[in-house]
Visitor: 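Got a structure for you, questions after.
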Number of protein chains: 2
Amino acid sequence: MSDTTIKNMEEFAVVSGISRPTLSKYFNDPESVRQSTKAKIEAALELHAYRPNMYAMNQNRRSTRNIGIIVPFLADPFFAEIARNIENLVINEGYRPILLSSHGDPRQEVENLISLRDIKPAGVLLAPLGRASNIAEVGELCSEFPTVLFDCNIESLNHAFVGHNNTQATDIMVDYLVRTGEPPVYFEMKKPPNPNANKRRLSYINSMERHGLESSIFSVDGESWNFEEIGYSRGKELISSKDITNGTVLFTNDRLAIGFLAAAYEMGLRVGRGNGCALRVAGHDNHPYSRFTCPALTTVSHDYDAISRTSVTRLFDLLENREGGDSTDEQLFPGKLIMRDSA
Amino acid sequence: MSDTTIKNMEEFAVVSGISRPTLSKYFNDPESVRQSTKAKIEAALELHAYRPNMYAMNQNRRSTRNIGIIVPFLADPFFAEIARNIENLVINEGYRPILLSSHGDPRQEVENLISLRDIKPAGVLLAPLGRASNIAEVGELCSEFPTVLFDCNIESLNHAFVGHNNTQATDIMVDYLVRTGEPPVYFEMKKPPNPNANKRRLSYINSMERHGLESSIFSVDGESWNFEEIGYSRGKELISSKDITNGTVLFTNDRLAIGFLAAAYEMGLRVGRGNGCALRVAGHDNHPYSRFTCPALTTVSHDYDAISRTSVTRLFDLLENREGGDSTDEQLFPGKLIMRDSA
DNA sequence: TTTAAAATTTTACGCGCGTAATAAAAATTG
DNA sequence: CAATTTTTATTACGCGCGTAAAATTTTAAA
């Protein structure tokens, strides 16, 4: 690396012997120039370490190469994992991911939508908060930028969506539980922040009905995203009051189940399939920590990989106006039963 | 909101009746203009919804208002929580946080350092990977931008650092364990990715020595950030081989302990303080999930709040050349014993 | 009311790059 | 080899805003 410090493309044009417009072309797409000039530029780049000014670039480009990614709650490893996947896919497409978390707060979500506009993203991947989302604002974003919703649909918007088939996933879990032991009662939050919970409840009811069974639902209080805490404290109450002492409990998501398992352990209630176990517990999501609960949690996994991959693919279809770029289509991927020790 | 769409500050100057330079001043700092003009501007803003072009602003400003935040592993709720705290503090200072995760990968960390330069941050808050970090690159970043390291120091850089007092924290845990039961053996990874682990090991050895006790350390294999998996699988091996059957085990961090607890449960080893319990288990970090393990994990908490708050404060001290802005000072906050059921 | 101080307006230039148009050079074709 | 096509160079303008300097207006102080 030379000592002369290059401060703009003009200067780099001089030292590299390539004209500035050609350099501009190169930085926009290295393959758009002749191999020999590409080599010359890259040789000069080795010597002088110049990078174009991002702000000047994005000010003038028709489109930036930023992709906004918004998740509802990044402190949840579930979303952290998905975000990581998506980030990598976006980078591989030569774009720059901008990751924002709504921290479970609808106002923060709106803040994020606003702050996204500032970076003039080429496209947006948005996992909305759900029930609490400002639908009008989300809708505006969808019409301003190419956007793909994922994980949690806002159906009234009728917009491109990629997600988990909650109905089918709950279905196979209920089937499994009914087939292998006592039919499940259902544990959920009265006001679940995420509308997927509604689909899951309905699917539970329908599945039970199809098996000719009565459904039974515990709808517990709690509105925050502290699901473990809610599962734990409400679980303790229900165990104390003898409302839950045996049988099978299906939770609307793993995090509630994780909290409940802690409560059950503390109350001396043995969970699992073996004999000597008082009750079976099952979750939903295949949360990264569900492998390490006591006992390991039986659950239904999202097809993480397909969902993140398809979200990104569909976004780039939209960006490039490819055939796949249908902006109103909903695309669901089936869940997979993960049998572990808890049920 | 009016129908006339404002596309730049010039146009907004016309409709608001304020000159462009004054508007520029306002958007840079709303308090820097007279109250009456501020009111006029904000009234016009209600009607016309104009936001200055971020790229044009940052191209010309001496300094952007971006603060880069890099954490080693965002899928770890521990860092997700810290990041969330720091983000909020940064926003409250009127800056824009840019959050990047190194995903446990040193190459990704270097990528992040490079990509940070593109956004010309006003300052950087960096929690390095540690052992695997490219020290030269981190050092360069520190000299290029006002930077505060947190969580994990790189001592050879001798740079501003805010973190957890691993020595003291391990100390109080060892004291507690020795005082209340069998003295602990220590469980760690042979090649811990994070150098804090070394401080903790040393502190364990010293504490034991001070108590006149022999230290005993299990250094297990595994290099990744899948700590739970490592704690689980190595734990199972050590329990099978009867190397760990009773007594007290102190883990270098909660995530290893969480994995181990799953192994112990699976192997029928009862953990806790009560009678009928084979062994006690303690962790370190007060990981968000440590409350929900079976049994709940006794651990040492970081002073999350002080660490994030002080990191941000010190960064802004640096930015504004205040007295507190000593760029070579290390600042540690003591840990706090969190007694739960596991030890 | 006069005077000084503070805030705003006017004017003008620059930031670093995208990009269009035309001219020149290089590579490809037959 | 000449004719054609492709690529690069030259020139020039614009993007939206920061910011400096001088002129003007507004406010505060005396």
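Here the structure is a predicted model, which is why all the values come from computation and not from measurement. Throughout, a chain's letter reflects where its sequence line sits, starting with A, and its residues are numbered from 1.
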Visitor: Between P on D:dG14 and CG on B:N8, what's the gap in Å once rounded to a whole number?
Guide: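 Spelled out: CG on B:N8 to P on D:dG14 is 14 Å.
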Visitor: Between B:F79 and B:F150, is the ring centre distance below 6.0 Å?
Guide: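 No: the rings miss the under 6.0 Å criterion.
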Visitor: Assess the pair A:Y50 and A:F27: is the distance between their ring centroids shorter than 6.0 Å?
Guide: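 Judged by ring-centre distance (under 6.0 Å), A:Y50 and A:F27 do meet the cut-off.
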Visitor: In whole angstrom, what separates B:Q35's CD from C:dT8's P?
Guide: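 Atom-to-atom, B:Q35 to C:dT8, this comes out as 10 Å.
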Visitor: Take B:V138 and B:C142 through the test side chain to side chain contact (heavy atoms under 4.5 Å, CB included) and record every step on the way to the result.
Guide: CA-CA 6 Å; B:V138 174; B:C142 289; 4.3 Å; yes
Visitor: Base, sugar-phosphate, or nothing for B:S36, non-hydrogen atoms under 4.0 angstrom?
Guide: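 Nothing, no nucleic acid heavy atom in range.
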Visitor: Using a heavy-atom cut-off of under 4.0 Å over every strand shown, decide if A:Y50 touches base, sugar-phosphate, or nothing.
Guide: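 If one applies the 4.0 Å heavy-atom cut-off, A:Y50 turns out to touch the sugar-phosphate alone, with no base involved.
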Visitor: Please work out which residues in residues 53-67 of chain A have a non-hydrogen atom less than 4.0 Å from an atom of DNA chain D and list them by number.
Guide: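 Correct list: A:Q59, A:N60.
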Visitor: Under the criterion salt bridge (Lys or Arg N to Asp or Glu O under 4.0 Å), I'd like the reasoning laid out for B:E93 against B:R65: C-alpha separation, chi angles, the key distance, then a yes or no.
Guide: CA-CA 10 Å; B:E93 293 278 346; B:R65 288 186 162 269; over 6 Å; no
Visitor: Check DNA chain C against residues 15-28 of chain B and give the residues with a non-hydrogen atom under 4.0 Å, in numerical order.
Guide: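 Within this stretch, B:G17, B:I18, B:S19, B:R20, B:P21, B:T22 sit under 4.0 Å of the strand.
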Visitor: For the side chain to side chain donor-acceptor pair (under 3.5 Å) test, which of A:H103, A:R107, A:Q108 pairs with A:D105?
Guide: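 Passing option: A:R107.
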Visitor: Between B:D118 and A:R96, does a side chain to side chain contact (heavy atoms under 4.5 Å, CB included) hold up when you go through it step by step?
Guide: CA-CA 11 Å; B:D118 284 348; A:R96 167 193 272 262; 3.5 Å; yes
Visitor: Between A:Y95 and A:F316, is the gap from one ring center to the other below 6.0 Å?
Guide: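 When the ring centroids of A:Y95 and A:F316 are compared, they turn out to be within the sub-6.0 Å range.
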Visitor: Determine the interplanar angle of the A:H164 and A:H302 rings, folded into 0 to 90°, and report it as parallel if under 30°, tilted if 30 to 60°, perpendicular if over 60°.
Guide: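 Ring orientation of A:H164 relative to A:H302: parallel.
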Visitor: On DNA chain C, nearest-nucleotide positions of A:E10 versus A:R34: which is more 5'?
Guide: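 With A:E10 and A:R34 compared, the 5'-side residue is A:E10.
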Visitor: How many whole angstroms separate atom NZ of B:K40 from atom C1' of D:dT25?
Guide: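 Taking NZ of B:K40 and C1' of D:dT25, I get 11 Å after rounding.
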Visitor: In whole angstrom, what separates A:K7's NZ from C:dG14's P?
Guide: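 For the pair A:K7 NZ and C:dG14 P, the rounded distance is 12 Å.
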